[in-house]
Every structure is written in structure tokens, then in C-alpha cells.
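Taking it in order: structure first as C-alpha cells, then the write-up.
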Amino acid sequence: MEVSDVPAVPEWLPGHLDADGVESLYPPQAAAVEAGVTEGESLVASIPTASGKTLIATLAMLSAVKRGGKALYIVPLRALASEKKAEFEQFEQYGVDVGVSTGNYDSDGEWLAKKDIIVATSEKVDSLVRNGAPWLAQLDCVVADEVHLVDDPTRGPTLEVTLAKLRSRNPGLQIVALSATIGNAGELADWLDAELVDSSWRPIDLRKGVHFGQALHFDDGTQEQLSVQGNEKPTAAIVRDTLRDTVEDGETVEEGGSTLVFVNSRRNAEAAARRLANVVSPELDGDELAALADVADEIRDVSDTETSDDLADAVEKGAAFHHAGLSPDHRELVEAAFRDRLVKCVCATPTLAAGVNTPSRRVVVRDWRRYSGDAGGMQPLSVLEVHQMMGRAGRPGMDPYGEALLLASSHDELDELFERYVWADPDPVESKLAAEPAMRTHLLATVASGFADSRETLLSFLDGTLYAAQTDEQGRLERVVDDMLAYLERNDFIERSRDGDTERLTATNLGHTVSRLYLDPMSAATIIDGIADADDPSALGLYHLVSRTPDMYQLYLRSGEREQYTQVAYDHETELLGTQPSEFEESRFEDWLAALKTAKLLDDWASETDEDRITDRYGVGPGDIRGKVDTAEWLLGAAESLAGERGFGNVQAIREAKKRVQYGVRQELIDLADVRNVGRKRARRLYEAGIESRDQLRNADKSVVLAALRGRERTAETVLEHAGHPNPEMTDVTPDPDAEPVVATDTSGSSESAEENDQSSLGDF
DNA sequence: GATGTAAATATTTAGACAGCATGTC
DNA sequence: CTAAATATTTACATC
């Protein structure tokens with residue numbers, strides 16, 4: 001089908017796509033159009049990665065916009081939200097407005113109401129529904145990207161409930177659900193009353209195979225010999241093989257390409273990158289090495305940690321690792337260098353399989369089992385997960401085909417891998433809505449936002465979910481609902497009242513607050529219990545409290561740390577809030593200690609401890625600090641609201657603890673750090689120079705400020721301007737030598753990087 | 001006694017959404 | 001109820 005034959009899309013679209021080199025539709029796209037996506041028909045598209053899902057969504061959304069409507073694009077990751085926004089902004093020249101809404105990057109409220117296309121995470125949409133964003137009523141088309149995630153035990157129910165709510169509020173709504181290839185796409189289509197496009201068609205061929213011995217065995221029955229040097233590992237041999245040009249009759253028929261290696265732990269990723277760097281580097285030319293050295297320098301500038309150094313060392317040699325312990329800057333640098341074909345080999349944990357688009361000539365799924373605490377050992381990855389990783393092979397328009405390989409160490413394993421992953425039918429997707437944590441959260445939200453006002457209406461609302469469509473065990477749902485309603489009532493989140501014959505459910509004020517704050521009710525109960533009797537809680541106590549909440553993911557206690565933190569608990573006994581579980585309650589006590597470890601990390605951060613000391617002390621990456629700090633900030637904000645709601649007298653203490661994590665400063669710097677452009681480092685220097693508050697900064701001697709900020713005029717000017725100084729101008733001001741910072745931190749480095757390190761990398765968001 | 005290497009033993013283990021109020025060089 | 005790769009320590013040989 002030609003683009004010009006697609007009905008109901010804007011007139012300018014065929015021309016625009018033509019200029020992009022798109023003339024005709026891929027078969028699944030054509031099928032979607034025939035099913036009526038551009039005419040408001042709902043659709044479930046279960047098709048492989050990179051087979052043109054985005055265009056299907058685009059056609060649907062633009063046709064809705066053309067009819068004067070509004071479209072919402074739901075993504076699972078914040079990183080994807082910005083990627084999609086950038087992609088849709090190409091249509092702004094035709095008057096299509098695009099907006100984004102996620103937790104940290106928000107263009108909220110009124111402003112979104114004017115946009116034609118809005119990109120948001122599923123949690124954000126859920127939150128908007130709860131808080132009754134008026135523009136939701138104007139939606140005509142909702143795209144749900146990566147719908148197979150309804151299978152996810154923690155985040156799946158949110159997507160499921162959100163879709164159900166949007167549909168029940170707006171019956172004519174068009175839903176376009178995009179999914180990886182799954183086993184039960186038909187079931188999803190039935191649930192959403194949608195047409196179905198279920199196809200395994202791909203624009204570029206994907207050859208799946210298994211490596212065994214010295215050969216690659218492919219799914220088309222062919223084999224390829226691999227030249228192995230010495231006793232090198234299979235992954236090394238594959239990476240080198242991928243890198244070399246394929247030469248036939250003295251002519252290069254195919255240029256060398258890059259490899260993406262998936263492993264099962266961060267440490268493995270780093271170790272593999274270190275080893276493979278030595279395989280890649282001999283194959284690089286001078287230009288490439290120079291460009292890589294530049295990237296390595298940028299990486300070192302991001303933060304002064306071991307992770308940063310190790311990553312830069314690998315990148316210098318053309319390899320890299322990628323996992324969630326990296327700071328967002330690190331991740332982006334690695335992704336960009338890999339896309340630019342500068343870095344030839346990236347060793348990654350699953351972050352890269354689900355995240356932004358980073359295709360590669362070859363993909364190696366090195367580890368197909370992963371440790372799982374509750375399963376008590378190594379568990380095989382799901383078919384879907386492995387397929388998602390494999391799907392990263394082959395760059396559209398650049399490679400003739402992609403190759404994805406698993407590694408076998410025995411003949412039996414070779415057979416098993418073919419059986420389990422290469423030939424395997426995709427797994428079906430199953431709703432996890434009946435899990436208790438999901439239920440207590442969504443039941444409260446459903447009652448609080450007025451979707452249901454009784455047990456009956458609640459159950460009938462739940463009837464519109466995928467869970468109801470899938471289960472034949474009717475009693476289970478009712479049982480969980482009753483349990484969770486009892487829990488919510490016990491904790492004063494909902495109330496039951498009699499209205500004639502029927503029992504009515506209403507959310508209490510507290511319940512409304514909890515739902516609005518987007519807290520797990522159990523987190524709210526924990527927090528309230530902890531702060532209720534704490535007149536003057538310490539920062540550490542509050543950090544521990546929010547770290548114990550189910551909304552904070554746990555750090556892991558390493559060997560010897562059990563004793564260490566038991567001692568810490570003893571030392572700070574009086575500060576810790578709530579009741580301490582008995583030491584004999586094995587797992588509860590361990591969780592409590594793990595939360596204490598998290599609390600200490602936050603406390604260190606809020607005591608101006610250096611980033612590299614924290615990463616070292618707690619065995620975490622820079623990205624983990626960011627994550628913890630972020631979550632703590634949110635939960636303390638929630639705690640502040642809850643304390644206000646309950647009329648507790650400790651609101652101020654909570655706010656201060658929040659500001660301290662937020663800025664990473666001690667008590668005395670909060671006021672200074674509140675000034676824009678002043679982070680933990682600058683605030684400390686100003687303080688040392690005798691400027692101890694915002695007021696003092698406003699009226700400060702300019703030469704003192706300039707010296708404290710290490711003679712950087714531009715910085716000093718902006719800082720003074722934001723502090724409200726009457727005349728921030730720095731011309732002819734000379735730094736006061738008495739006010740210069742005494743710390744001998746590297747003045748040797750380039751001024752650029754010194755300046756970047758000056759403001760902590762966690763400062764801006 | 002310093003150094004190097006192999007073998008035994010110990011340790012560790014993926015990912016990531018959200019409130020609110022305002023605006024980064 | 002299930003593992004495996006890497007890190008660390010120890011044992012031992014060599015200079």
C-alpha cells in the first residue's frame with residue numbers, strides 16, 4: 001500500500017513521509033490501515049521491534065488530530081518519552097503541537113490542554129486520571145506503547161487500570177496498543193474491542209542462532225565457522241569476527257559492524273567490557289582512537305567516581321558497559337557513541353533492551369539465566385525478554401540483516417537454547433492485577449477519584465480489566481478486593497456507610513491525599529505511624545522511615561554489613577522511628593537493616609560527603625545515588641503533606657530533611673542552596689567565605705563572592721542576580737584573596753571541567 | 001623475603017515509575 | 001528446592 005492511499009490522514013503527510021524516503025507501507029502497517037486505524041478503529045498490533053510500530057501510531061494520532069481531536073501516547077520509560085517527543089516534533093511545522101508529561105519533566109495542567117499530541121508515562125497518566133485532568137475528556141486516540149508490559153507484576157496493573165479507566169470514562173475512545181510479539185495478542189484485542197494485527201514480519205532479516213564450539217548455528221540451518229585466537233572466549237571471537245569486513249574476491253562486500261552483548265549483572269558487564277576492549281582496540285584506526293579519547297574525556301568529566309574512570313578506560317579502547325548504575329549523562333554518552341559507530345561493543349544489562357533505540361549488527365545474549373532471590377537461584381530469562389534483546393540486531397537501512405546469538409557450552413545446551421528461545425513461540429501475557437500491592441493502590445484510587453462508590457460498582461469496574469477477561473477463577477478477585485478494602489478501612493483511607501440497602505464506599509480526606517500523592521497506601525501507613533509521635537524527628541530517622549516504605553527499592557546487605565548496621569541501629573536507637581522488628585524475625589529485621597543502610601547513604605549525601613566516597617562505601621553506582629535521592633525527595637514531600645494533613649507539629653523538620661537530600665547539604669546551607677545556581681559545592685564555599693545566608697549573599701561584598709566562586713565572573717554574576725543583589729555586575733571586581741577557598745581541589749584540570757564538577761552532577765533536574 | 005601464580009574459598013547478584021512548584025550554562 | 005562468574009585469600013614455587 002502506498003502512503004498516498006492511506007485514508008483520513010492530513011494532506012501534507014504523504015509528501016512529508018516521501019521526503020523521509022517512506023513511500024509505501026510495510027505489510028503490518030498496511031494491515032493496520034486496512035483495519036481502520038486512521039479512521040478511529042481500535043487496534044492491537046503485535047509485531048516485532050523495529051517493524052514500524054511508531055508509524056502505525058503516528059498515522060492513528062495524526063488522523064485523530066486532523067479530525068480536530070487530541071492524542072495521548074503512553075510509554076513505559078521516561079527516556080522513551082523524550083525520545084518520542086523529539087520524534088513527533090517533526091510535525092510541528094504543520095501546526096501539530098507536542099507536549100510531554102512525566103514525573104520529572106512536566107509541562108502540566110492548562111498547558112497540556114492545548115497540545116495535540118501528549119507523550120506521558122503510564123504512571124503519569126494514571127496520576128492525571130486520579131487528579132481529574134480535564135483535558136483527558138477531550139482525548140480521541142490513545143496509543144499504548146509496549147503493552148506487553150501489562151504482564152509486569154509491579155507496573156503492569158497501572159497500565160491496565162489506566163486503560164480501563166480511560167475507556168470507561170470515554171466509551172468511543174480509540175485505543176492503539178502496540179506490543180512485542182506475544183502469544184495471546186487475540187486476547188488483548190478482545191479485551192480492548194480492537195482489531196488485531198499479529199505478524200512476525202520484519203523489514204530487515206533477523207538471523208537467530210546459537211554459538212557452540214567454533215561455529216555459529218543459525219535458524220535457517222546454515223553454519224558459519226569462527227576463527228578463534230588462542231583460548232579466547234566465544235564472546236571475544238564473535239566481537240572480533242563482527243568487526244572485520246567481509247571480503248569476497250578481494251572486494252569488501254560488507255563492512256565490519258558492532259556488537260551488543262547482554263549479560264546478567266552489572267559486574268559482568270563491566271568485566272566483559274574491560275576484556276573486550278582489548279579485543280576491539282587493535283582493530284581501530286587513528287581517527288577512531290582520537291574520537292574515542294574525546295568521548296572518554298567527556299565521560300571522566302561527568303563525575304569523579306571509579307565507575308566513571310572504568311567506563312572511560314574501556315571507551316578509549318572502543319568498548320563500553322551500560323547499566324542502571326551509570327548516571328544519565330554516562331548512559332547517553334555511551335548510547336550516542338554506540339549509535340555513531342565509534343564504540344564497537346557495548347556490554348549491557350537489560351537496561352538497553354527496553355530503553356531507547358540502539359541497534360547493532362550483532363547481538364550476543366551471553367547469559368540466558370539470571371539470579372533471582374525468591375526463586376532461590378538462577379532462573380532462565382523469559383522468551384519475550386530474550387526476543388527483545390535479540391530484536392536489537394540489525395540497523396534499518398544500514399545492515400542487510402541482523403544476527404542474534406546465544407552461547408552454548410555443550411551440545412545439549414545447544415539443543416536446549418534452540419528449543420527454548422530460537423524456535424519458541426512467544427509467551428502469553430498475563431494480568432497481574434490481583435496481586436495485593438497493586439490492588440490496595442488501585443482500589444483506593446478508584447474509590448477516591450469517584451469511579452466507584454460501592455463494592456458492587458468497584459467489582460463491575462474491575463470487570464472491564466484484562467484480569468477479569470483472563471481469569472476463570474471468579475472468587476479470587478472478590479477475595480482480594482475484600483481483603484484490601486478491609487485493609488484500607490482499617491488504616492482510615494476509606495469509610496463505609498449505609499445508604500438505604502446499599503453500602504457506600506467513600507475515601508476519607510487522608511485517602512484522597514494518599515491517592516493524589518501517588519503513594520502506595522502501605523507507604524502512607526508506615527510514614528504516618530512513624531511520624532505520629534515524633535515531635536522533632538532527626539534527618540536520619542526520617543530517611544530510615546521513608547526507606548522502609550514499599551515505594552523505595554531496597555539496597556542489598558553485603559557480608560558483614562548485618563553486624564555493622566546492627567551497631568549503627570544501636571548507636572542511633574533513639575532517632576529511629578516506628579517499632580523495630582525483633583532480631584529473631586529474620587527477614588523483617590534484615591529488611592529493616594537494609595533500609596537503615598539506605599538511610600545512611602542518604603544521610604551521607606545530605607552531609608556533603610563526596611560522590612565517589614558514597615559509591616565506594618555502599619557499593620553503588622552514581623546512578624543509584626541519583627535514584628535513591630530522587631525517591632527520598634518524593635517520599636519526604638509526601639510525608640510533609642501527610643504530616644500537614646494530620647496536623648502534626650513536625651512539618652518543618654520533615655521539610656528540612658527533604659531540602660537536605662534534595663540539595664545534598666547540611667542544615668546550615670539550606671538557605672544558600674535555595675538560591676538558583678547554587679548547589680552543594682558553591683554553597684559550602686560561600687559559607688566558608690563568611691556568607692551564611694541568602695540575605696548575606698544579597699548584600700555581600702562582590703570581591704568576596706567572586707573569590708569564593710574561584711574567580712569565575714559569569715558564575716558570580718548569575719548567582720548574585722538570582723540572590724537578588726542590587727548590582728550583580730562583576731566588571732572591575734577583583735577576588736578578595738582572604739575569601740579564596742582553602743581546599744586544594746584540582747585547579748590543574750581544564751576550567752570547563754572544573755566548572756562542571758563545581759556544581760554537583762546531581763544538582764539539576 | 002619479595003614476587004608470581006595456581007588453587008581454594010568467599011562473595012555477589014536487573015530494572016525504575018511517582019508529588020509539588022518553578023524554571024538550567 | 002535449584003547457579004555461576006568474579007573477587008579475595010591462601011598455598012606454594014621461584015628467584
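Bear in mind that the values here come from a model prediction, so they are computed numbers and not experimental data. Just so it is clear: chains get the letters A, B, ... in the order the sequence lines come, proteins before strands, and each one is counted from 1.
Evaluation of the side chain to side chain donor-acceptor pair (under 3.5 Å) rule for A/Lys597 yields A/Glu561 as partners, not counting sequence neighbours. In this structure A/Glu123 satisfies the side chain to side chain donor-acceptor pair (under 3.5 Å) test together with A/Arg155, sequence neighbours excluded. A/Arg331 is linked by a salt bridge (charged side-chain N to carboxylate O under 4.0 Å, His left out) to nothing, counting only residues two or more places apart in sequence or in another chain. Residues forming a side chain to side chain donor-acceptor pair (under 3.5 Å) with A/Glu306 (at least two apart in sequence, or on another chain): none. Residues forming a salt bridge (charged side-chain N to carboxylate O under 4.0 Å, His left out) with A/Asp313 (at least two apart in sequence, or on another chain): A/Arg300. A/Glu645 is linked by a side chain to side chain donor-acceptor pair (under 3.5 Å) to A/Thr513, counting only residues two or more places apart in sequence or in another chain. Checked against salt bridge (charged side-chain N to carboxylate O under 4.0 Å, His left out), A/Asp151 has the following partners two or more places apart in sequence or in another chain: A/Lys432.
We find that CD of A/Gln379 is positioned 11 Å from C1' of C/dA3, with the value rounded to whole Å. The CD1 atom of A/Ile654 sits 15 Å away from the C1' atom of B/dG19 (whole-angstrom rounding). The separation between A/Glu717 atom CD and B/dC25 atom P is 13 Å, rounded to whole Å. Put simply, CZ on A/Arg562 is 19 Å from P on B/dA10, counting in whole angstrom units. Remark: P of B/dA10 and CD of A/Glu561 are 18 Å apart, rounded to the nearest angstrom. B/dT22 atom P lies 18 Å from atom CG of A/Asn677, rounded to whole Å. Here B/dA21 presents its P atom at 18 Å from CH2 of A/Trp111, a figure rounded to the nearest Å. Between the CD atom of A/Gln662 and the P atom of B/dG19 there is a distance of 15 Å, rounded to whole Å.
Heavy atoms of A/Lys628 sit nowhere under 4.0 angstrom from any nucleic acid atom. Among the protein residues, A/Gly637 comes within range of the nucleic acid bases, having at least one heavy atom under 4.0 Å from a base atom. If you check every strand for non-hydrogen atoms under 4.0 Å, A/Asn264 touches sugar and phosphate atoms only. No engagement by A/Glu640 is indicated, since no non-hydrogen atom pair under 4.0 Å with the nucleic acid exists. Within 4.0 Å (heavy atoms only), A/Arg655 reaches no atom of the nucleic acid at all.
Sorted by first and then second residue, the side chain to side chain donor-acceptor pair (under 3.5 Å) pairs involving residues 616-625 of chain A (not counting sequence neighbours) are A/Arg266-A/Asp624, A/Asp604-A/Arg617, A/Asp604-A/Tyr618. Residue pairs meeting the salt bridge (Lys or Arg N to Asp or Glu O under 4.0 Å) criterion with at least one partner in residues 436-445 of chain A, sequence neighbours excluded, are A/Arg440-A/Asp520.
Across every strand in view, B/dA18 sits unpaired, with no contact that passes the Watson-Crick or G-U test at under 3.5 angstrom.
Remark: DNA chain C takes part in the stems B:1-13 with C:3-15, each of 3 or more antiparallel Watson-Crick or G-U pairs, criterion distances under 3.5 Å.
No side-chain N or O of A/Asp551 forms a donor-acceptor pair with one of A/Tyr518 less than 3.5 Å apart. For the residue pair A/Tyr73 and A/Asp145, a side-chain donor N or O sits within less than 3.5 Å of a side-chain acceptor on the partner. Checked by atom type, the side-chain pair A/Ser327/A/His330 shows a donor-acceptor distance below 3.5 Å. Side-chain atoms of A/Thr154 and A/Asp152 form a donor-acceptor pair, as typed in the model, at a separation below 3.5 Å.
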Could you list the protein-to-nucleotides 15-17 of chain B atom pairs, N/O on both sides, closer than 3.5 Å?
residue : atom : partner  : partner atom : Å
B/dG15  : OP1  : A/Ala324 : N            : 2.7
B/dG15  : OP1  : A/Thr349 : OG1          : 3.0
B/dG15  : OP2  : A/Arg266 : NE           : 2.9
B/dG15  : OP2  : A/Arg266 : NH2          : 3.0
B/dC17  : OP1  : A/Arg78  : N            : 3.2
B/dC17  : OP2  : A/Arg78  : NH2          : 3.3
B/dC17  : O4'  : A/Arg155 : NH2          : 3.2
B/dC17  : O3'  : A/Thr121 : OG1          : 3.4

Taking only nitrogen or oxygen atoms into account, show me every contact under 3.5 Å that the protein makes with nucleotides 7-9 of chain B, one pair per line with its distance.
none

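In this structure, A/Trp634 counts as stacked on the base of B/dA18 under the 5.5 Å centre distance and 30° plane angle limits.
Taking the C1' atoms as reference points, B/dA14 lies 16 Å from C/dA5, given to the whole Å.
The side chain of A/Arg274 has C/dA7 as its nearest neighbour among C/dA4, C/dA7, B/dA14.
Taking 4.0 angstrom as the limit, A/Ser559 places a side-chain polar atom (N or O) nearer than this to OP1 or OP2 of B/dT11.
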